[in-house]
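Structure first, then comments.
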Amino acid sequence: MTSITNVIRKVEEVMEEKDFSGVVLLQQNGKTLFSKARGYANRSEQISNTSGTRFGIASGCKVFTAVSIGQLIEQGKFSYESRLVDVLNIAFPLWDKEITVHQLLTHTAGIPDYFDEEVMEDFAELWQERPVYMMQQLRDFLPMFQNLAMKSAPGERFHYNNAGYIVLGLIVEQQSGQSFTEYVEAHIFKPSGMKDSGYFRTDQLPSNTAIGYVDQEDGTWNTNIFSIPVRGGSDGGAYVTALNMIHFWNALLGYTLLTEESTRKLLIPYSHQEDDDYYGRGIWIDQKGKEIFKYHVMGFDPGVSFMSSVYPAQGIQLVVLSNQEWGPYPVTVAIEESLLV
């Protein structure tokens, strides 16, 4: 294993080279090995990012949805094999009646998506005809996919799907009697000690929260306020700090949020995406041979990029938050290549 001094040097070089804006936090067995903030949370006012700055994490919070579903299953509300038609009183006329909760969680339901990454590239294009300020609750997304036909048969293949997680959030709302964001804040953020995290409106960001920036090729930039929904939900959009994300991993893997058996079911590599990359329930899983190399979550939206990984064999946890696009990937690769070889 490379010395931590060399790892830090390598990571700092990458952060400088990529003009990284955000926060990196690396811990091993509860001890901080590296923590650094760089860039501006607010460029206009030249307010710097700090270790306690809150960042959007886009799809990185699909794991919160998966944990919410697991909690309701533990309460006996339904099961992973329950059919969608039996747990949600919303009609999807062209969808297969045999779609299960498990298939929605593992992106194998075969349903259409409102942002299909197989055919679309620019998330911001979605909001040219539908104002982002109208996207305030989960039901607001339904017209974008509710009446579309299936893409494939249930269980046939992996197809990363945001609409599936909107549907899962609607299940959480119906079965719990709470709005999705209220449920997560009460049953995941609070017991995890994530006191600085929340589903904040982009037009009402609290203090110490990074504004997302979309950089143009000519050197100009725009904030992402017109490029993402005004409030996040079950497919993405929460704001967290680096330390709060560590708190979440500790709560999840320490069985605070789910029982040990339920947690294990979350972390099984159900769907094979490509190479050694698999998907559990709300969590990506990388294997090396038959061994688990890492559990990780990630999210990318205009002005938002996020990756967080747990390397169980080494007791290492990594959080990389950025208010630009694509910043965390080279930082994560640098740490893996220097520390985990």
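Throughout, residue positions are numbered sequentially from 1 according to the sequence presented. Below, all heavy atoms of this structure are taken into account, side chains as well, without hydrogens, waters or symmetry copies.
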Please work out which of the three classes, parallel, tilted or perpendicular, describes the rings of [Y] and [X], given edges at 30° and 60°.
{"X": "His102", "Y": "Tyr270", "value": "perpendicular"}
{"X": "Phe300", "Y": "Trp326", "value": "parallel"}
{"X": "Tyr160", "Y": "Phe158", "value": "tilted"}
{"X": "Tyr199", "Y": "Phe180", "value": "perpendicular"}

Please determine whether a side-chain nitrogen of the Lys or Arg among [X] and [Y] lies less than 4.0 Å from a carboxylate oxygen of the Asp or Glu.
{"X": "Arg130", "Y": "Asp140", "result": "no"}
{"X": "Glu16", "Y": "Arg38", "result": "yes"}
{"X": "Lys288", "Y": "Glu291", "result": "no"}

If Ile, Leu, Val, Met, Phe, Trp and Tyr residues are connected whenever their side-chain heavy atoms lie under 4.5 Å apart, and connections chain through other members, are [X] and [Y] in the same group?
{"X": "Leu105", "Y": "Phe78", "value": "yes"}
{"X": "Tyr279", "Y": "Val67", "value": "yes"}
{"X": "Ile90", "Y": "Val85", "value": "no"}
{"X": "Tyr329", "Y": "Ile57", "value": "yes"}
{"X": "Phe226", "Y": "Leu205", "value": "no"}

Inset, instruction - Kindly determine whether Met150 and Leu94 satisfy side-chain contact (heavy atoms from CB on, under 4.5 Å), including the steps that lead there. - result: CA-CA 7 Å; Met150 298 283 291; Leu94 303 179; 6.0 Å; no

Inset, instruction - Could you walk me through whether Trp284 and Tyr295 pass ring-ring contact (aromatic ring centres under 6.0 Å, His included), step by step? - result: CA-CA 6 Å; Trp284 294 94; Tyr295 302 112; over 10 Å; no

From [X] [atom1] over to [Y] [atom2], what is the distance, rounded to the nearest 0.5 angstrom?
{"X": "Asp203", "Y": "Arg231", "atom1": "CG", "atom2": "CZ", "value": "9.0 Å"}
{"X": "Met245", "Y": "Gln317", "atom1": "CE", "atom2": "CD", "value": "9.5 Å"}
{"X": "Leu104", "Y": "Leu168", "atom1": "CG", "atom2": "CG", "value": "5.0 Å"}
{"X": "Ser51", "Y": "Leu321", "atom1": "OG", "atom2": "CG", "value": "11.0 Å"}
{"X": "Leu170", "Y": "Asn89", "atom1": "CG", "atom2": "CG", "value": "11.0 Å"}
{"X": "Ser179", "Y": "Gln137", "atom1": "OG", "atom2": "CD", "value": "9.0 Å"}

Are [X] and [Y] side-chain neighbours, meaning at least one heavy-atom pair lies under 4.5 Å?
{"X": "Ile283", "Y": "Leu252", "value": "yes"}
{"X": "Leu72", "Y": "Ser176", "value": "yes"}
{"X": "Leu148", "Y": "Phe92", "value": "no"}
{"X": "Ser322", "Y": "Phe55", "value": "no"}
{"X": "Met15", "Y": "Val331", "value": "yes"}
{"X": "Thr32", "Y": "Leu26", "value": "no"}
{"X": "Ser197", "Y": "Tyr239", "value": "no"}
{"X": "Asp215", "Y": "Glu325", "value": "no"}

Establish, for the pair [X] and [Y], whether the NZ or CZ atom is under 6.0 angstrom from the six-membered ring centre and no further than 45 degrees off its axis.
{"X": "Arg281", "Y": "Tyr80", "answer": "yes"}
{"X": "Arg43", "Y": "Tyr213", "answer": "yes"}
{"X": "Lys294", "Y": "Tyr311", "answer": "no"}

Inset, instruction - State which residue, out of Glu12, Gln28, Gln27, fulfils the side chain to side chain contact (heavy atoms under 4.5 Å, CB included) condition with Phe34. - result: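 Option passing the side chain to side chain contact (heavy atoms under 4.5 Å, CB included) with Phe34: Glu12.
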
Looking only at atom types and distance, does a side-chain atom of [X] sit under 3.5 Å from a main-chain N or O of [Y], one as donor and one as acceptor?
{"X": "Arg9", "Y": "Ile4", "answer": "no"}
{"X": "Gln146", "Y": "Ala91", "answer": "yes"}
{"X": "Asn161", "Y": "Ile111", "answer": "yes"}
{"X": "Asp113", "Y": "Asn162", "answer": "yes"}
{"X": "Asn244", "Y": "Gly52", "answer": "no"}
{"X": "Arg54", "Y": "Ala210", "answer": "no"}
{"X": "Thr65", "Y": "Gly169", "answer": "no"}
{"X": "Gln103", "Y": "Thr100", "answer": "yes"}
{"X": "Glu74", "Y": "Thr259", "answer": "yes"}
{"X": "Gln324", "Y": "Ser21", "answer": "yes"}

Inset, instruction - Could you tell me whether Gln75 atom CD has more than 12 heavy atoms of other residues or ligands within 6.0 Å of it? - result: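 Yes.
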
Inset, instruction - Would you indicate whether Lys31, at its atom NZ, is surrounded by more than 12 heavy atoms from other residues, nucleotides or ligands within a distance under 6.0 Å? - result: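 Counting other residues, nucleotides and ligands, NZ of Lys31 stays at 12 neighbours or fewer.
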
Inset, instruction - Please check if any side-chain donor atom of Gln136 sits under 3.5 Å from a side-chain acceptor atom of Arg201, or the reverse. - result: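 Checked: Gln136/Arg201 side chains pair up, N/O donor to acceptor below 3.5 Å.
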
Inset, instruction - Compute whether any side-chain donor of one residue and acceptor of the other, for Thr5 and Ser3, lie under 3.5 angstrom apart. - result: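 No, Ser3 and Thr5 have no side-chain donor paired with an acceptor closer than 3.5 Å.
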
Inset, instruction - Decide side-chain contact (heavy atoms from CB on, under 4.5 Å) for Leu318 and Val320; before the verdict, give the C-alpha distance in whole Å, the side-chain angles of both, and the deciding distance to 0.1 Å. - result: CA-CA 7 Å; Leu318 172 65; Val320 190; 3.9 Å; yes

Inset, instruction - For Gln314 and Leu340, run side-chain contact (heavy atoms from CB on, under 4.5 Å): C-alpha distance rounded to whole Å, both residues' side-chain angles, the deciding distance at 0.1 Å, then the answer. - result: CA-CA 8 Å; Gln314 295 85 7; Leu340 298 165; 3.6 Å; yes

Legend entry - ring-ring contact (aromatic ring centres under 6.0 Å, His included) between Phe189 and Phe248, intermediate numbers included: CA-CA 8 Å; Phe189 290 174; Phe248 168 75; 8.3 Å; no

Legend entry - Verdict with supporting geometry, His272 and Gln287, side-chain contact (heavy atoms from CB on, under 4.5 Å): CA-CA 11 Å; His272 186 198; Gln287 295 191 178; over 6 Å; no

